[in-house]
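Structure record follows, encoded as C-alpha cells.
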2 protein chains.
Amino acid sequence: MPHTYKYPRPALTVDCVVFGLDRQHTLKVMLIQRKLSPFQGDWALPGGFVRMDESLEAAALRELCEETGIERLFLEQLYTFGAVNRDPRERVVTVAYYALINLEEHPVKAASDASDAAWFAIDALPSLAFDHDQILKIALDRLKAKVRYEPIGFELLPRKFTLFQLQRLYETVLGQELDKRNFRKKILNMGLLRELDERQQDVPHRAAKLYQFDEATYRQLREKGFNFEI
Amino acid sequence: MPHTYKYPRPALTVDCVVFGLDRQHTLKVMLIQRKLSPFQGDWALPGGFVRMDESLEAAALRELCEETGIERLFLEQLYTFGAVNRDPRERVVTVAYYALINLEEHPVKAASDASDAAWFAIDALPSLAFDHDQILKIALDRLKAKVRYEPIGFELLPRKFTLFQLQRLYETVLGQELDKRNFRKKILNMGLLRELDERQQDVPHRAAKLYQFDEATYRQLREKGFNFEI
DNA sequence: TCAAAAGTGTTTCTCCTACACCCATGT
DNA sequence: ACATGGGTGTAGGAGAAACACTTTTGA
C-alpha cells in the first residue's frame with residue numbers, strides 16, 4: 001500500500017549507541033553486522049525506521065529489543081543527524097540515542113553466536129557503515145562529559161557494587177587514574193550511596209562492602225540544588 | 001508533483017528558539033503569530049519544513065532568515081521532538097534548535113510592525129501552539145545549564161561590552177545575583193577578555209571600560225584542558 | 001548635590017590534592 | 001608466603017565567598 005505526499009520527505013530512522021562495561025573493565029559498544037547493501041558485511045549501530053504510531057524513544061527501545069533482546073536500560077537522546085548524503089540510497093535523517101547497560105546482569109543476544117551482534121572495545125572498533133563512526137564518537141564524548149556531572153555511571157554497574165568497581169568505571173570512562181582515598185571520600189560524602197550489609201563473594205582477596213545508588217535521595221538533593229560532580 | 005513511498009513517513013520540520021537580551025536586561029524569545037489553522041492566531045516558534053537538499057542546520061538557518069531577517073548567529077541543535085500526536089493534523093517530527101543573538105547590533109524584523117514576529121520576555125509568555133511551550137522550556141533549561149560551563153553568554157551581548165553588562169547577563173539568565181568583586185576577579189583571571197582602549201559613551205555615570213571576548217585564546221586554552229566555568 | 005554605576009583587597013573557610021601503610025582473604 | 005585488593009587520615013594549598021567604601025560622570 002503506497003503512501004503519497006505533496007512534497008518529498010526524508011526517511012526517518014533511530015540508531016542506538018549501546019555502551020556496556022565488561023568484567024575486564026573495558027568499555028564496549030554493541031554493533032550489528034549488516035546483511036544487506038549498502039555497506040553489506042560492515043558493522044553498524046543497531047537501529048531502524050520509525051513507525052507512524054510510536055514515539056522516537058519507543059522506536060529506539062523497540063529496535064534494541066528486537067535486535068539485542070535488551071529490555072530495560074538507560075536511554076537518552078543523543079543528537080539528530082541529517083546531512084543530505086549520509087545514506088547513499090536516499091535522504092535519511094536519523095535520531096541517535098545512547099544507552100547504558102550492565103553486561104553482568106543483562107547478558108544480551110550479542111553474546112550468543114546465533115546473533116549478528118557483537119561487543120567491541122571502544123579502542124578497537126572496526127570501521128562502521130554510514131556516518132556511524134561520527135555518531136559513535138559523539139556518543140562517547142557525551143558519555144565522558146555527562147558521567148562527570150550526572151550519576152549515570154551507575155547504569156553501567158550491577159545494582160550492588162563495590163567502591164572500587166565504581167572507581168574503575170570512572171577511570172575507564174574518563175581515561176585517567178583517580179586517587180583511591182580521595183575518590184572514596186568524595187563519593188561517600190555526597191550521601192548518595194547506601195551501604196549494604198553484604199560483601200562481595202568468591203573474590204580471591206578480602207571481600208569489599210557492597211553499595212547501592214540511592215535514587216530517592218538523589219532526587220531529593222537535586223531539588224535542593226545539589227549537583228553531582230566527579 | 002506527488003511523491004510516493006512504500007511506507008508512510010512522518011513530516012520533518014525544524015523549529016528555532018531564538019533568545020535575545022534587551023537593554024532592560026530581560027531575556028526574550030522571538031515568536032511568530034500563526035496565520036493558518038491549526039492554532040490560528042496563536043504564537044509559535046519560527047520554523048518550517050526541511051527540504052530534501054539541505055541539512056537540518058541549513059534548514060534552521062534558512063527559516064530564521066526568511067522569518068526574521070537574522071543572518072549570523074549562534075545556533076545549536078537542542079532536541080528532537082517526536083511524540084505521535086504533537087501535531088493534530090498528521091505525524092510531524094521536529095528538530096529543535098536554539099539560537100542566541102544580541103538585539104542591539106541586530107535589530108530584527110520582529111522589531112518592525114510590518115512583521116508577524118515579536119519578542120516576549122520569558123517570564124511573560126503567551127501560551128504557544130503545538131508542544132512549543134515544552135520545547136521552549138527545554139531550551140531555557142539548556143541555556144541556563146550551558147551558560148555556566150561554556151562561554152556562550154557573549155553571543156547575547158554586543159561585541160564590545162562592559163564587565164557589568166556581562167555580570168547582569170549572568171544574573172538574568174541564571175536568576176541569581178552575583179558579587180561584583182568576585183565576578184570581576186573570576187572572569188578576568190580566566191584571561192579570556194581583551195581589555196579595549198575604549199569606554200562606554202553617553203552614559204549618565206562614569207564610563208566603564210569595554211572588553212571583548214577573545215575567541216582565539218579560548219580555543220588555545222581549551223586544547224590545554226581549560227574549562228570555562230561561572 | 002544627587003543618582004548611578006565604576007572600580008578596587010583582604011580575610012575566612014571550604015574543598016581539592018598529594019601521599020603510604022596495614023589488613024583480610026584465597027591460592 | 002604471596003598476590004590482590006580493602007580500607008583508612010592528615011597536612012598544605014588553591015580557590016570560593018563574604019564584605020564596604022571611594023571615584024567618576026552626567027543630569
Side-chain angles (χ1 to χ4, degrees), chain A residues 21-26 104 148-149 157-158 160-172 174 176-212 221 224-230, chain B residues 21-25 104 148-149 157-158 160-172 174-212 221 224-230:
Chain A
L21 203 64
D22 79 0
R23 256 157 301 213
Q24 285 70 49
H25 321 301
T26 59
E104 311 214 6
R148 304 191 74 114
Y149 62 87
L157 291 180
K160 301 173 182 181
F161 51 84
T162 70
L163 291 180
F164 203 43
Q165 278 179 293
L166 186 63
Q167 180 179 341
R168 271 184 315 224
L169 178 156
Y170 280 101
E171 290 176 335
T172 300
L174 299 177
Q176 64 180 275
E177 303 218 324
L178 301 172
D179 179 87
K180 183 160 67 162
R181 280 173 292 191
N182 293 339
F183 180 82
R184 293 162 98 92
K185 248 180 298 176
K186 189 160 184 177
I187 204 86
L188 288 177
N189 277 343
M190 289 188 202
L192 294 177
L193 298 189
R194 192 203 316 283
E195 182 181 327
L196 302 173
D197 277 338
E198 283 177 79
R199 290 180 170 265
Q200 279 183 310
Q201 305 218 325
D202 303 318
V203 285
H205 51 76
R206 177 173 174 182
K209 285 178 196 159
L210 289 172
Y211 293 81
Q212 176 174 336
L221 287 174
K224 293 179 195 146
F226 167 83
N227 279 311
F228 181 88
E229 193 178 342
I230 291 293
Chain B
L21 203 64
D22 79 0
R23 257 155 303 212
Q24 286 70 51
H25 322 302
E104 311 213 5
R148 304 191 74 115
Y149 63 88
L157 291 180
K160 300 172 181 180
F161 52 85
T162 68
L163 292 180
F164 203 45
Q165 279 179 293
L166 187 62
Q167 180 179 342
R168 272 182 315 223
L169 178 155
Y170 280 102
E171 290 175 335
T172 300
L174 299 177
Q176 63 179 274
E177 303 219 323
L178 301 171
D179 179 87
K180 183 160 67 162
R181 279 173 292 190
N182 292 338
F183 180 82
R184 293 162 99 92
K185 247 179 296 175
K186 188 160 184 177
I187 204 87
L188 289 176
N189 277 344
M190 289 188 202
L192 294 176
L193 298 189
R194 191 202 317 283
E195 182 180 327
L196 302 173
D197 278 337
E198 282 179 81
R199 289 180 170 265
Q200 277 183 311
Q201 304 217 325
D202 303 318
V203 286
H205 51 76
R206 176 175 176 181
K209 285 180 196 159
L210 289 173
Y211 294 82
Q212 177 174 336
L221 287 175
K224 292 179 195 148
F226 167 83
N227 278 311
F228 181 88
E229 193 177 342
I230 293 292

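Numbers restart at 1 for each chain; the letters A, B, ... are given by sequence-line order, proteins then strands.
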Original post:
Run the side-chain contact (heavy atoms from CB on, under 4.5 Å) check on A/Thr162 and A/Leu210 step by step: do they pass?
Top reply: CA-CA 5 Å; A/Thr162 70; A/Leu210 289 172; 3.9 Å; yes
**OP:** Please identify each residue that fulfils side chain to side chain donor-acceptor pair (under 3.5 Å) with B/Asp179, with sequence neighbours left out.
**Re:**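 B/Asp179 satisfies side chain to side chain donor-acceptor pair (under 3.5 Å) with B/Asn182 once adjacent residues are dropped.
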Original post:
Who passes side chain to side chain donor-acceptor pair (under 3.5 Å) against A/Glu171, sequence neighbours left out?
Top reply: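 For A/Glu171 the side chain to side chain donor-acceptor pair (under 3.5 Å) partners, ignoring immediate neighbours, are A/Gln167.
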Original post:
What integer distance in Å separates A/Phe183:CZ from D/dG5:P?
Top reply: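 That distance rounds to 16 Å.
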Original post:
Quick one: what's the B/S/- string for nucleotides 17-27 of chain D, heavy-atom cutoff under 4.0 Å, read 5' to 3'?
Top reply: BBBB--BBBS-
Subject >> ring pair (Phe, Tyr, Trp, His ring centres under 6.0 Å) against B/Phe228, all qualifying residues, sequence neighbours excluded >> reply: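 Counting only residues at least two positions away or on another chain, B/Phe228 forms no ring pair (Phe, Tyr, Trp, His ring centres under 6.0 Å).
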Subject >> ring pair (Phe, Tyr, Trp, His ring centres under 6.0 Å) against B/Tyr211, all qualifying residues, sequence neighbours excluded >> reply: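 Applying ring pair (Phe, Tyr, Trp, His ring centres under 6.0 Å) to B/Tyr211 gives none.
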Could you give the distance from [atom1] ([X]) to [atom2] ([Y]), rounded to the nearest 0.5 Å?
X: A/Arg168; Y: A/Phe183; atom1: CZ; atom2: CZ; value: 11.0 Å
X: B/Arg184; Y: B/Leu163; atom1: CZ; atom2: CG; value: 4.5 Å
X: B/Thr172; Y: B/Asp22; atom1: OG1; atom2: CG; value: 9.0 Å

Mind listing the side-chain donor-acceptor pairs of residues 189-201 of chain B below 3.5 Å, one per line with the distance, residues two or more places apart or on another chain?
residue: B/Asn189; atom: ND2; partner: B/Lys185; partner atom: O; Å: 3.3
residue: B/Glu195; atom: OE2; partner: B/Lys209; partner atom: NZ; Å: 3.4
residue: B/Glu198; atom: OE1; partner: B/Lys160; partner atom: NZ; Å: 3.4
residue: B/Glu198; atom: OE2; partner: B/Lys160; partner atom: NZ; Å: 2.7
residue: B/Arg199; atom: NH1; partner: B/Ala207; partner atom: O; Å: 2.5
residue: B/Gln200; atom: OE1; partner: B/Ala208; partner atom: N; Å: 3.1

Subject >> Bounds of contact between DNA chain C and chain B, in 5' to 3' order, using a heavy-atom cut-off under 4.0 Å >> reply: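 So the outermost contacting nucleotides come out as C/dA4 to C/dT10.
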**OP:** Within residues 187-201 of chain B, find the residues that approach DNA chain D with a heavy atom at under 4.0 Å, and present them sorted by residue number.
**Re:**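 Listed by number, there are none.
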Subject >> Contacts of type side-chain contact (heavy atoms from CB on, under 4.5 Å), residue A/Gln176, not counting sequence neighbours >> reply: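 Result, side-chain contact (heavy atoms from CB on, under 4.5 Å) vs A/Gln176: A/Arg148, A/Leu174, A/Leu178.
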